[in-house]
Amino acid sequence: MPDNDAPKSMEDLVALCKRRGFIYPASEIYGGLNGFWDYGPLGTELKNNLRDAWWNDMVKSPPVGPNGEPLVILGLDSSIIQHPKVWEASGHVGGFNDLMVEDSETKKRFRADHLQGIYLLEPAGDMKVGEPYLVTSLMERAPDHTLVASSPAEALSILIAERKMQKLMGIRALKSNPLSGHSLGKPPYAAVWVDTDHGSRYVYAESVPIDVLQSLPGSIPSPFTGDKGALAQPRQFNLMFQTYYGAVFDEDHKTYLRPETAQGIFLNFKNVVDTMRVKVPFGIAQIGKAFRNEVTPRNFIFRSREFEQMEIEFFCHGDDAPMWYEYWCEVRKNWWQSVGLTGDNIQMRQHENEELAHYAKDGCGTFDIEYRFPFTHPGFGELEGVAHRSDFDLRQHREHSGAKLEYFDQERNERYLPHVIEPSGGLSRGVLALLCEAFTPTPERKGSKYVMCFHPRMAPVKAAIFPLVNKEGMPEIARKLYDDLRTRWPVQFDVKQSIGKRYARMDEAGTPYCFTIDGETLEDQTVTVRERDTADQKRIAIDQVARYVADETGG
RNA sequence: GCGGGCGUAGCUCAAUGGUAGAGCGCCAGCCUUCCAAGCUGGAUGUUGACGGUUCGAGUCCGUUCGCCCGCUCCA
């Protein structure tokens with residue numbers, strides 16, 4: 001079984017994935033494309049198995065709810081390309097078209113051109129000319145030792161009002177009205193003549209130039225905390241893939257590839273309610289591709305630019321949201337364990353307030369289900385987030401589209417926007433977690449260097465059928481067994497080379513069972529079952545093989 | 001995005017500026033009665049890409065793409 005104490009080698013895993021047809025670098029013959037990967041034959045089977053298990057367990061046969069009744073979860077498959085206004089309503093467009101600066105402590109962002117500083121024109125004490133000491137921005141009011149304003153003039157008027165600020169700058173008196181203040185050349189938008197401990201001088205405010213932000217990020221205090229050194233380099237956050245619909249590339253037809261599948265569900269909430277005879281609480285589920293221009297794609301398929309999500313939006317009354325939130329955290333963790341992620345490698349983690357996404361601010365929080373990947377070891381990486389999105393999305397779409405999205409609850413005799421609990425899992429990341437969990441070096445075993453210990457339900461190939469030797473009627477019997485099994489499962493038939501080599505090949509593919517026809521089969525109609533993880537063998541009747549595979553693989 | 005390392009056969013790696021090779025794997029045949037056994041034969045390369053220097057570049061120089069590590073980042 002996997003040794004969970006030591007991190008496994010990602011390099012070796014990536015090599016095995018390519019060698020055995022799980023995952024290839026995308027566009028490899030052209031040199032590859034950063035942030036994209038292709039699934040090979042075995043990887044596709046693996047991903048399909050994980051996807052089908054989710055769809056079966058969440059949609060076709062959903063879990064039982066707190067009241068003992070099975071939940072109602074309905075499937076959906078919405079467009080990857082949606083109306084451009086969707087992404088304005090969802091909040092994805094707003095913050096990400098301009099250069100943004102992020103405070104690494106609070107995770108808050110502001111537009112770089114909204115960052116404004118108040119400068120001294122002459123040295124005063126420790127302060128130097130041209131270096132920003134107090135910083136303002138358009139963001140909401142910050143802790144008391146920084147200024148927040150929508151314009152330099154406003155910043156200065158706050159400076160006038162706030163005696164503490166004056167103290168920080170060594171200002172004893174303001175001599176002129178800043179709002180009628182001096183023009184000081186290239187655009188100090190406002191200035192004020194002040195008395196300080198070191199004499200009289202100008203103070204003025206202007207946007208902090210981009211090159212100053214880039215060269216001196218450590219010297220600029222954060223507008224949120226006033227701390228220096230917390231601001232990251234300003235950068236363009238073009239998170240979404242732009243595209244155009246229609247044959248003409250015209251700005252009116254610009255839209256985006258979806259960065260999450262969730263919005264398609266919100267767009268169809270009303271359709272589903274109107275057509276499917278459902279009552280709140282219920283869920284809508286969707287599996288599909290999503291696209292994000294990640295700043296730094298890395299760690300194999302963990303952060304790629306094209307990936308696949310498995311999302312449920314579970315609609316409920318706001319009062320019941322905390323209960324459903326707890327419920328889904330439990331259901332989803334159990335599910336990941338059921339597909340083979342067990343032990344200490346999986347954990348739940350509550351988000352801190354600062355890291356909550358924009359849509360989750362008002363909810364009861366976000367739980368991450370995390371997996372200890374080799375590249376995060378001993379830390380963990382996100383596999384799924386269970387978030388309370390409150391009624392944020394339906395409210396946004398109601399405002400932007402004008403559609404009536406309220407739900408009328410007959411039992412409560414109340415019209416309301418449902419709240420949403422969102423278990424949002426990464427299918428691609430799930431595949432990676434399955435690969436990492438299964439990947440087991442076996443230096444002690446003579447046969448194979450690696451075994452992929454997949455849960456039998458997830459294994460891309462369920463079984464292999466071998467004649468022990470390629471003669472004496474064995475291949476014919478093996479072939480008949482193979483023909484029988486292949487209509488129900490992905491199985492392989494192999495007569496070539498030594499039996500040990502064939503077992504070893506199946507170990508690397510993660511095939512859980514090998515059935516071998518040997519001399520004894522000819523006498524008593526039994527075959528050996530060779531188990532992947534232990535290499536143990538036992539005999540079963542040849543006519544029981546199909547039942548054995550069905551029992552062991554859950555199908 | 002920054003710094004460092006690395007790109008040669010499917011994989012792991014050789015090859016003073018002078019004819020691109022080995023092992024493993026793969027394929028075929030033989031052999032083989034349970035864990036990459038053995039024998040024989042075979043296929044496989046735009047040396048990541050583009051340009052430059054040179055009589056001649058896998059090797060030197062420049063650019064670019066990709067991968068790995070550390071920062072950074074990851075609404």
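So you know, we letter chains A, B, ... as the sequences are listed, proteins then strands, and number each from 1.
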Rounding to the closest angstrom, what is the interatomic distance between [N] and [M] at atom [atom1]?
{"N": "B/rG5", "M": "B/rC26", "atom1": "C1'", "value": "31 Å"}
{"N": "B/rA57", "M": "B/rG52", "atom1": "P", "value": "11 Å"}
{"N": "B/rG17", "M": "B/rA75", "atom1": "P", "value": "49 Å"}
{"N": "B/rG23", "M": "B/rG62", "atom1": "P", "value": "36 Å"}
{"N": "B/rC55", "M": "B/rC71", "atom1": "C1'", "value": "48 Å"}
{"N": "B/rC13", "M": "B/rC6", "atom1": "C1'", "value": "13 Å"}
{"N": "B/rC31", "M": "B/rC50", "atom1": "P", "value": "48 Å"}
{"N": "B/rG4", "M": "B/rG41", "atom1": "C1'", "value": "47 Å"}

Handout entry: Electrostatic pair A/K501:A/D494 at N-O distance under 4.0 angstrom
Key = no
Exercise for the section: Please determine if A/R19 and A/E508 form a salt bridge, counting it only when a charged side-chain N lies under 4.0 Å from a carboxylate O. Expected result: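 A salt bridge is present here (some side-chain N lies under 4.0 Å from a carboxylate O).
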Could you identify the nucleotide paired to [N], looking across every strand shown and requiring Watson-Crick or G-U wobble geometry with both distances under 3.5 Å?
{"N": "B/rU59", "result": "none"}
{"N": "B/rG21", "result": "B/rC13"}
{"N": "B/rC39", "result": "B/rG29"}
{"N": "B/rG3", "result": "B/rC69"}

Send over the distance from [X] [atom1] to [N] [atom2], rounded to a whole Å.
{"X": "A/E508", "N": "B/rC35", "atom1": "CD", "atom2": "C1'", "result": "14 Å"}
{"X": "A/N470", "N": "B/rA37", "atom1": "CG", "atom2": "P", "result": "16 Å"}
{"X": "A/R502", "N": "B/rC35", "atom1": "CZ", "atom2": "C1'", "result": "11 Å"}
{"X": "A/K496", "N": "B/rG25", "atom1": "NZ", "atom2": "P", "result": "16 Å"}
{"X": "A/L468", "N": "B/rC31", "atom1": "CG", "atom2": "P", "result": "15 Å"}
{"X": "A/M10", "N": "B/rG70", "atom1": "CE", "atom2": "P", "result": "12 Å"}
{"X": "A/D533", "N": "B/rC35", "atom1": "CG", "atom2": "C1'", "result": "15 Å"}
{"X": "A/R505", "N": "B/rC11", "atom1": "CZ", "atom2": "P", "result": "18 Å"}

Distance-only side-chain donor-acceptor flag, [X] / [Y], under 3.5 Å:
{"X": "A/Q492", "Y": "A/Y482", "answer": "no"}
{"X": "A/Y503", "Y": "A/T516", "answer": "yes"}
{"X": "A/S78", "Y": "A/Q286", "answer": "yes"}

At under 4.0 Å, does any side-chain N or O of [X] touch on OP1 or OP2 of [N]?
{"X": "A/N34", "N": "B/rC67", "answer": "yes"}
{"X": "A/T516", "N": "B/rC34", "answer": "no"}
{"X": "A/K471", "N": "B/rU32", "answer": "yes"}
{"X": "A/R20", "N": "B/rC11", "answer": "no"}
{"X": "A/K449", "N": "B/rC24", "answer": "no"}

Minimum-distance nucleotide to [X] side chain [options: [options]]:
{"X": "A/K501", "options": "B/rA75, B/rC26, B/rG1", "answer": "B/rC26"}
{"X": "A/R298", "options": "B/rA36, B/rC69, B/rC26", "answer": "B/rC69"}
{"X": "A/Q497", "options": "B/rA37, B/rA75, B/rC26", "answer": "B/rC26"}

So [X], base contact, sugar-phosphate only, or nothing? Heavy-atom distance under 4.0 Å.
{"X": "A/A535", "result": "base"}
{"X": "A/E520", "result": "nothing"}
{"X": "A/P259", "result": "base"}
{"X": "A/E28", "result": "nothing"}

Handout entry: Contact nearer the 5' end of RNA chain B, comparing A/G35 with A/K18
Key =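 The 5'-side residue here is A/K18.
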Handout entry: Residue whose nearest RNA chain B nucleotide is more 5′ - A/Y503 or A/G32
Key =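 That would be A/Y503.
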Practice task
Give the ring-plane orientation class for A/F375 versus A/F373, where under 30° counts as parallel, over 60° as perpendicular and anything between as tilted.
Solution key: parallel
Practice task
Give me the ring orientation class for A/F314 and A/W324: parallel if the planes are under 30° apart, tilted from 30 to 60°, perpendicular past 60°.
Solution key: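 Tilted: the ring planes of A/F314 and A/W324 meet at 30° to 60°.
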Handout entry: Sugar-phosphate or base contact per nucleotide [nucleotides 39-48 of chain B; S, B, -; heavy atom under 4.0 Å]
Key = ----------
Exercise for the section: Record whether the side chain of A/R530 comes under 3.5 Å of the base of B/rC35 through a donor-acceptor pair of N or O atoms. Expected result: yes
Exercise for the section: Report yes if a donor N or O on one partner sits less than 3.5 Å from an acceptor N or O on the other, where the partners are the side chain of A/Q537 and the base of B/rC34; otherwise report no. Expected result: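 It does, because a donor-acceptor pair links the side chain of A/Q537 to the base of B/rC34 below 3.5 Å.
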Problem - Close side-chain approach of A/P418 to A/F269, heavy-atom, < 4.5 Å - result: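 Yes - at least one pair of side-chain heavy atoms lies under 4.5 Å apart.
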Exercise for the section: Could you tell me whether the side chain of A/H455 reaches within less than 4.5 Å of the side chain of A/E437, counting heavy atoms only? Expected result: no
Fill in the blank from the handout: Residues A/R505 and A/R20: closest non-hydrogen pair is O-NH1, 3.0 Å
